[in-house]
Amino acid sequence: MEEKKPGKAIEISGTVYDKNREILPGVNISVITDPSVAGTITDADGHFYLKVPDKNTVIEISYIGFKSQQIKIGDKINFDIVLEEDVTELGEVVVTGYGSQKKASVIGAIETIQPTKLQYGSTRSFSNNLAGQVAGVIAVQRTGEPGSDNSQFWIRGLSSFAGNTNPLVLVDGVERDLNNLDPAEIESFSVLKDASASAMYGVRGANGVVVITTKRGQVGAPSVNFRIEHAISTPTKLPDYIGAADWMALRNELSDPSSLPYTQEQIDRTRNGYDPELYPDVNWIDAVTKDHAYSTRANLTVNGGSTFLRYALVASYYNEKGIIETDPSLAYDTDIKLNRYNVRANVDVDITKSTTLRINIGGYMQEHRGPYYSTNDILFNAFSRRPWEYAVRYSNGAIPHIESSGTSINNPWAMATQYGYKTNTQSQIQSLATLEQDLKMLTPGLKAKLSFSFDSYNYSWRDRNADPARYTPATGRDEDGNLIINQSHYGSESLGLGSGGNYGTKQTYMEATMTYHRLFGDVHDLDGLFLYNQQSYDNGSVQPFRKQGIAGRLSYMYDSRYIGEFNFGYNGSENFAKGQRFGFFPSVALGWLVSEEPFMESTKNIIHKLKLKASYGKSGNDNIGGRRFAYITTVNSTNGYVFGENKNYTTSGYTEGEIGTNDLTWEVSWKSNVGFELGLWDALNLNVDVFHEWRSNIFMQRQTIPNLTGFISLPYGNLGKMENQGVDLSLGFQKQLNKDWSVTFNSTFTYAKNKVTEYDEPASLAGTYRSKTGGGSINTLWGLIADRLFTENDFNPDGSLKDGIPNQLVGSGNLRPGDIKYVDRNEDGVVTTEDEGYIGGTVDPRIVYGFGASVIYRNWDFNVFFQGMGDTHRIIGGGNAWLPGTGNSANIFTNYQDRWTEENPSQDVFYPRLDASPNENNYRASTWWKKDMSFLRCKTIELGYNLPKTALSKIRLKSLRVYVNCNNPFYFSKFKLWDPELNTSNGTIYPQMASVQMGLELNF
């Protein structure tokens, strides 16, 4: 038989574009008819050159995010190739628990979002951009202070009143903090909400899981992205107080006319600015804060590689200053400054064609500097200091200060500027090494992976404290016009020194994984995973925290229509006794991709996706609260036992401490989820999930054991139970209207409401307004129920209450018209503290929502996003300093005229009757002071412009975008005194910040 001679080799070339004729660097070109022929990739200009065996050769062009093409060479030697974007979800991959799956086969409640949507605003903390962006996430930012402004966030609300409620956050599979990541580092962001998605995490999965992967290198010439932005910030709202003259006039109005505390001359001189040092009028909030602060963010990303080695390098810098005032005349700086530096290097090396080594090295260092006193102390004192007490600082440099009964009452401005400064530094190194082996030589689709990680965190601090001289407030001027003051404290000009640190934390993590994914007969899609992992976390306590376990997943999809999935985790924690440390956490899920049914073919142009799904499963929470190793009984030392006839002999001894709980175990969470995903007209997508969770074994101290049992400390047990249910949904619309215009709309809505169903409380409380199990939620507000304000018709001529009206014993002094009338809840004929109980509402919002739109016209883009919270309340005030003009009243809000008076005996007022004497009846926690803190906030408005490609090609730039945006520019709320999102009952906390920001982003 004559041997067939090989054809003559042919040299071919070509250029690869997308549909917009933009070049695509790094596209893979392979020879599928002869795998022995080495392939190539397109260069930075999208060109490729390849030598193929003959004209019968078939090449394949493939690129992430685009559909692959196969081309037979034939007689052509030069090719113009246009790749089509792969917009179908059947091939799209979603990061899930311990791996990834095709989006079509995902039937758990998993929410994903593009990291670029979270890369906005001038805030340091990544968590501040979650609220309203991710369905199922409830997030609140309670302060705007640099370094302390991380948001609290929960997945589908709160489900435990004792244990940890924070979700598990995994960065590249390792438990880490997301707040110190720079958004530029992130490749994908997923939230696992139901049991089918989180059961594999066992005792760590009850509160949901956030899965973040960092950027990896792609085949192609080096691609560089540089982004820099600078912002000027100002508070969204600061408390607005009245001036000193109005303060004194109000106090006179409330006082006995025969003994007014302030003369009219004093009031007039203060109002007219006669002598600001003797008759001061100080807005202390203005005195301790600046109008503006600044921040800068910059990051550099380099990405590229070959078929052998790929790399992704990210370096980021963030700088932010605060609004607390400084004194430029000092030799040292007390300004709030924060600097953070992030670096990350992810490298993938193909050791062989089937073996890949991945190395991740990342970390950050953050330096924070600020005044010696905390901002909360400074702002609280600014609220407490009355505007007429003394000037900020006298013209001769003396700092006024009040010494009262041996107690020092600080000057707020001096607290911010004169007492020195403190710095702290925190740093962390994160590492991960992964070896992946494709075992297709054993069976196609089988892979193995071994991972090891170690992280180390350190913290140190240094204080340089000063002790300034202080003077009594001026009482007048001498013959020469000098202020008459006395030095009350001499102080010292030198700066003291204090420094220290802590043990830090060290964490190691190991994981061994086997995965299998194979399609049989084009209809049977099988996906499996099995892994072993162990974790050790050492923070310097008696011994490290350790976890160990196995987990698995088996998913089957038939003909891209019917899906079934089983997940399990079997793991445990060192926190429990032997024999109680491990548990089994299974889950099941079913799904039906209705849109892939043959009978839906005729509706494809309308309904391009319809998926029904349901899941049910179990997960756990080993961070149950209370002390560690609570199964062990403790023994405490005492000051001694007393003996002798005259009790003059003592000896040291020991007493029983806390009683150990022998059968101590983790919290158990059973979760159900039903939902659907609907896609219409290849443009509109709606995802809806309804969930219900039953949490049990909540760790708590017993409340019903009689004192006669003799326990020094009541024992603990896994006694509590809760339920949590709600709905979350996302709605998105994306449409390319024509070659010039495209529009995008996205919105989310989350509602979650919990209730305590079992709590070890006395039987006499069950079913009453004082019972935790009366249908109330965690952290339900507590107080009296305000019926209305008393009127003159409620009183007899002698000032006593008329018959049938319960007397009130919850405040000192006589009741009068205009005071708050409370409900006698126990109907015993008198209002006392026994009538206090749960009054509904929680500080933690039950509703979080967001909506935004993006419009692109040629090279211009415009983006806007709104975020809101609902069903959130707070009791404001408290203490006699809260009521204007009363007792030791501090600063007074400008709404003080919105009050009950004899001339305005209205029930629809903000303040009840005011009095010069303390009136506890009117400032007690009650529904009168329960305020609706719901709001709708404009989070961002952005306008951007991309320079034309023709102009950029001359300077070798792929793209250059300039933009300007406003962050937190305005909000709407019924509550007007301060920003309703802040965690404060009187407004004295570092405010949220609004900013105007300009930025530049370029690629080359």
Side-chain angles (χ1 to χ4, degrees), residues 10-74 76-95 100-106 187-188 216-221 223 303-308 310 348 350 353-354 356 436 438 440 444-445 447 515 517-527 557 559-560 596 604 608-609 682 736:
I10 303 171
E11 291 186 359
I12 65 171
S13 63
T15 307
V16 183
Y17 306 90
D18 64 13
K19 65 179 181 179
N20 297 319
R21 299 297 292 180
E22 300 289 342
I23 59 173
L24 295 176
V27 177
N28 288 299
I29 315 294
S30 59
V31 179
I32 64 173
T33 50
D34 188 353
S36 65
V37 177
T40 187
I41 61 173
T42 58
D43 60 21
D45 297 316
H47 302 317
F48 70 90
Y49 304 90
L50 182 66
K51 183 177 286 189
V52 299
D54 52 47
K55 65 180 183 180
N56 294 318
T57 300
V58 178
I59 61 172
E60 182 175 63
I61 303 93
S62 60
Y63 193 55
I64 294 175
F66 292 81
K67 294 180 180 178
S68 298
Q69 280 191 35
Q70 293 183 2
I71 298 175
K72 187 175 181 179
I73 299 303
K76 294 182 65 176
I77 61 171
N78 189 267
F79 298 84
D80 262 6
I81 301 168
V82 178
L83 291 184
E84 181 183 350
E85 289 186 28
D86 186 1
V87 296
T88 65
E89 77 161 24
L90 295 177
E92 188 177 345
V93 173
V94 173
V95 176
S100 60
Q101 295 175 264
K102 287 184 177 180
K103 189 172 182 179
S105 67
V106 173
E187 180 74 32
S188 68
R216 308 218 68 83
Q218 304 295 331
V219 175
S223 174
N303 193 301
S306 65
T307 54
F308 166 70
R310 297 159 301 281
D348 301 341
D350 291 340
K353 290 185 177 181
S354 62
T356 301
E436 298 181 8
D438 192 333
K440 60 185 177 182
K447 295 181 179 180
T515 60
H517 182 215
R518 193 168 178 182
L519 181 64
F520 296 92
D522 293 331
V523 294
H524 303 285
D525 194 335
L526 191 63
D527 190 350
M557 181 166 63
D559 198 20
S560 299
E596 297 304 306
K604 277 286 187 180
H608 70 269
K609 179 179 67 173
D682 283 325
Q736 183 77 38

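All figures in this text were calculated on a predicted structure; none of them were measured in a lab.
- Scanning for side-chain contact (heavy atoms from CB on, under 4.5 Å) contacts around N303 gives Q218, A312, with sequence neighbours left out.
- With sequence neighbours left out, R216 forms a side-chain hydrogen bond (donor to acceptor under 3.5 Å, both in side chains) with D348, N360.
- Shown here are the side-chain contact (heavy atoms from CB on, under 4.5 Å) partners of T57, two or more places apart in sequence or in another chain: V31, T33, V52, P53, D54, I59, I73.
- With sequence neighbours excluded, the residues satisfying side-chain hydrogen bond (donor to acceptor under 3.5 Å, both in side chains) with T15 are H47.
- With sequence neighbours excluded, no residue forms a side-chain hydrogen bond (donor to acceptor under 3.5 Å, both in side chains) with D522.
- Applying the 6.0 Å contact sphere to CD1 of I32 captures more than 12 heavy atoms from other residues, nucleotides or ligands.
- Counting heavy atoms from C-beta outward, F48 and V16 have side chains that approach closer than 4.5 Å.
- Contact annotation: the side chain of E11 never approaches that of I77 to less than 4.5 Å [non-hydrogen atoms, C-beta and beyond].
- Applying the side-chain hydrogen bond (donor to acceptor under 3.5 Å, both in side chains) criterion to K604, with sequence neighbours excluded, gives E596.
- The closest side-chain heavy-atom distance from K76 to I12 is not below 4.5 Å.
- Note that CG of L50 is 8.0 Å distant from CD1 of I29, once rounded to the nearest 0.5 Å.
- For the salt bridge (Lys or Arg N to Asp or Glu O under 4.0 Å) test, residues two or more places apart in sequence or in another chain that qualify with D559 are R561.
- Applying the side-chain contact (heavy atoms from CB on, under 4.5 Å) test to D438 and every residue at least two apart in sequence or in another chain returns S354, K440, K447.
- Rounded to the nearest 0.5 Å, atoms CZ (R518) and CG (D525) are 12.0 Å apart.
- You'll find the side chain of Y49 stays beyond 4.5 Å of the side chain of T40, heavy atoms only.
- Partners of F308 under the side-chain contact (heavy atoms from CB on, under 4.5 Å) rule, at least two apart in sequence or in another chain, are S306, V349.
- Summarising the geometry, atom CG belonging to L83 is positioned 8.0 Å from atom OG belonging to S68; distances are rounded to the nearest 0.5 Å.
- Atom-to-atom distance recorded for T515:OG1 and E436:CD is 8.5 Å, nearest 0.5 angstrom.
- Contact check for T307 versus N28: side-chain heavy atoms found under the 4.5 Å cut-off.
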